[in-house]
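Below is one structure, written out as structure tokens; the observations come after it.
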Amino acid sequence: MISLVIFDLDDTLYPEKAYFSAAFDRFEQCYGYQSGCLNQAFGRIDRKLSRDILKDTLLKADIYSQQNHDKLFECYRSVDVKLELPLETLHVLERLKRSGCSVALLTNGVVVVQQNKVNCLGIERWCDAVFYARNNALGIEKPDPRCFTQVLNHFGVPAEEAIMIGDSAENDYFGAKRAGLKALLLGGEGVGSIQTLSQALPHILDTHDEKN
């Protein structure tokens with residue numbers, strides 16, 4: 001039986017591109033750059049290989065400088081925009097709430113940035129707890145199993161009653177597995193993979209509950 005569902009945030013519960021776009025728009029408006037130039041540049045980088053997405057986007061747009069990087073990071077850190085959760089995400093979260101499952105969010109990244117994303121999405125109302133991995137005393141992030149153990153300990157739930165859902169094979173799927181949790185990989189291939197969040201529900205809710 002699953003009593004705790006842990007979600008990743010970016011590109012799991014919402015498309016992170018929406019947040020980047022808001023930050024890019026703010027930067028262009030504040031500093032007089034052509035509207036859309038950063039979004040176009042963003043589309044030409046490989047986010048999975050990038051170690052600094054903001055820097056690589058500025059480089060692709062041919063407007064990189066350390067000063068611009070600092071300004072863009074400030075926009076990325078603090079942009080005030082209302083982001084909507086996709087309807088499918090809302091459906092899944094509502095279904096889990098009705099089932100009585102506890103719902104947690106576990107996210108990597110710069111804490112102040114991730115907190116701003118959570119605020120922009122208004123997602124805390126759907127979660128029983130939000131965990132920012134870098135907030136822990138050890139400064140560790142997913143896929144370190146201790147990140148998942150921290151969440152389990154908070155809820156007092158054994159690993160076998162928890163499931164992690166995320167879009168990163170290493171950080172979310174294998175990290176959770178190494179901590180003893182069940183896991184689903186959003187957008188992956190093979191065993192343990194799902195293509196939409198709704199496909200997670202049969203893995204979480206028992207047959208009787210699904211009929212209700």
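When a residue number appears, it is its place in the shown sequence, counting from 1.
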Smallest heavy-atom separation, Ala23 atom then Cys75 atom, equals O-CB, 3.7 Å
For Glu84 versus Lys82, what's the shortest heavy-atom pair and its separation?
OE2-CE, 3.3 Å
Check the orientation of Phe42 and Phe20. Use parallel for under 30°, tilted for 30 to 60°, and perpendicular for over 60°.
tilted
dist Glu88:CD -> Leu93:CG (nearest 0.5 Å) comes out at 10.5 Å
Between atom CH2 of Trp126 and atom CG of Leu121, what is the distance when rounded to the nearest 0.5 Å?
13.0 Å
Side chains of Tyr76 and Asn116: donor-acceptor distance under 3.5 Å anywhere?
no
Any donor and acceptor pair, going by atom type alone, linking the side chain of Arg44 with main-chain N or O of Lys60 inside 3.5 Å?
yes
With side chain to side chain contact (heavy atoms under 4.5 Å, CB included) as the test, would you mind laying out the steps for Phe7 and Leu197 before giving the verdict?
CA-CA 10 Å; Phe7 288 101; Leu197 277 185; 4.2 Å; yes
Listing, residues 10-18 side-chain donor-acceptor contacts under 3.5 Å, not counting sequence neighbours, or none:
unit_1	atom_1	unit_2	atom_2	d
Asp10	OD1	Tyr14	OH	2.7
Asp10	OD1	Lys117	NZ	3.3
Asp10	OD2	Gln114	NE2	3.1
Asp10	OD2	Lys117	NZ	3.0
Asp11	OD1	Glu16	N	2.9
Asp11	OD2	Arg47	NH2	3.0
Thr12	OG1	Asp8	OD2	2.9
Thr12	OG1	Asp167	N	3.3
Thr12	OG1	Asp167	OD1	3.3
Glu16	OE1	Arg47	NH2	2.7
Glu16	OE2	Lys117	NZ	2.8

What distance do Glu94 atom CD and Leu87 atom CG have between them, rounded to the nearest 0.5 Å?
9.5 Å
Are Val103 and Leu9 connected, step by step, through hydrophobic side chains (Ile, Leu, Val, Met, Phe, Trp, Tyr) whose heavy atoms are closer than 4.5 Å?
yes
Close side-chain approach of Cys120 to Tyr19, heavy-atom, < 4.5 Å
yes
Checking Arg178, Lys48, Lys177 against Glu170 for salt bridge (charged side-chain N to carboxylate O under 4.0 Å, His left out), the one that qualifies is Arg178
Measure the spacing between OH of Tyr64 and CG of Leu72 and express it to the nearest 0.5 Å.
11.0 Å
Joint cluster assignment, Leu59 & Leu54, ILVMFWY side-chain distance < 4.5 Å
yes
For Ala179 and Phe148, work out which heavy atoms get closest and say how close.
CB-CB, 3.8 Å
Assess whether atom CG of Asp80 is packed by more than 12 heavy atoms of other residues, nucleotides or ligands within 6.0 Å.
no
Closest non-hydrogen atom pair, Gly109 against Glu141:
N-OE2, 2.7 Å
Determine whether more than 12 heavy atoms belonging to other residues, nucleotides or ligands lie under 6.0 Å from atom CD of Gln66.
yes
So does Val118 get a backbone contact from the side chain of Glu124, meaning a donor-acceptor N/O pair under 3.5 Å?
no
Is the shortest heavy-atom distance from the side chain of Tyr132 to the side chain of Asn108 under 4.5 Å?
no
Out of curiosity, does Ile140 fall in the hydrophobic cluster containing Met164 (side-chain heavy atoms, cut-off under 4.5 Å, transitive links)?
no
Starting from the C-alpha separation in whole Å, work towards a yes-or-no answer on side chain to side chain contact (heavy atoms under 4.5 Å, CB included) for Ser198 and Val92.
CA-CA 6 Å; Ser198 294; Val92 170; 4.1 Å; yes
Does any non-hydrogen side-chain atom of Arg134 lie less than 4.5 Å from one of Val112?
no
Asp70, CG: over 12 other non-hydrogen atoms inside 6.0 angstrom
yes
Going from CG on Leu4 to CG on Leu152, what distance comes out if it is rounded to the nearest 0.5 angstrom?
6.5 Å
Asp25 and Gln29 side chains, donor-acceptor separation under 3.5 Å:
no
Is there a donor-acceptor contact under 3.5 Å from the side chain of Lys71 to the main chain of Cys30?
no
Is there a donor-acceptor contact under 3.5 Å from the side chain of Asn119 to the main chain of Gln115?
yes
Evaluate whether atom CD of Gln67 has more than 12 neighbouring non-hydrogen atoms of other residues, nucleotides or ligands under 6.0 angstrom away.
no
Nearest heavy-atom pair of Leu205 and Cys101: which atoms, and what distance?
CD2-SG, 4.5 Å
Is it true that a side-chain atom of Glu28 and a backbone atom of Leu38 form a donor plus acceptor pair closer than 3.5 Å?
yes
Look only at the side chain of Gln150 and the backbone of Arg146, and say whether a donor-acceptor pair between them is shorter than 3.5 Å.
no
Can you classify the ring geometry of Tyr33 versus Phe27 as parallel (below 30°), tilted (30 to 60°) or perpendicular (above 60°)?
parallel
Show your reasoning for whether side chain to side chain contact (heavy atoms under 4.5 Å, CB included) applies to Leu106 and Lys142.
CA-CA 9 Å; Leu106 174 60; Lys142 299 178 293 182; 3.8 Å; yes
For residues 182-190, which side-chain N or O atoms pair as donor and acceptor with protein atoms under 3.5 Å away, sequence neighbours left out?
unit_1	atom_1	unit_2	atom_2	d
Lys182	NZ	Glu160	O	2.7

ILVMFWY cluster, Ile123 and Val79 together (side-chain gap under 4.5 Å):
yes
State, to 0.1 Å, how close Cys127 and Leu105 come at their nearest heavy-atom pair, and which atoms those are.
SG-CB, 4.1 Å
Can you find a heavy atom in the side chain of His69 that is under 4.5 Å from one in the side chain of Leu58?
yes
Dump the intermediate steps for side chain to side chain contact (heavy atoms under 4.5 Å, CB included) on Val157 and Ser102, then the final yes or no.
CA-CA 10 Å; Val157 170; Ser102 295; 5.9 Å; no
Please say yes or no: joined through hydrophobic side-chain contacts below 4.5 Å, possibly via intermediate residues, are Ile6 and Phe174 part of one cluster?
no
Look at the side chain of Ser78 and the backbone N and O of Glu74, then say whether any donor-acceptor pair between them is shorter than 3.5 Å.
yes
For the CE atom of Met1 and the CD1 atom of Ile204, what is their distance to the nearest 0.5 Å?
13.0 Å
Is a side-chain N or O of Asp172 found less than 3.5 angstrom from the main chain of Ile165, in a donor-acceptor match?
no
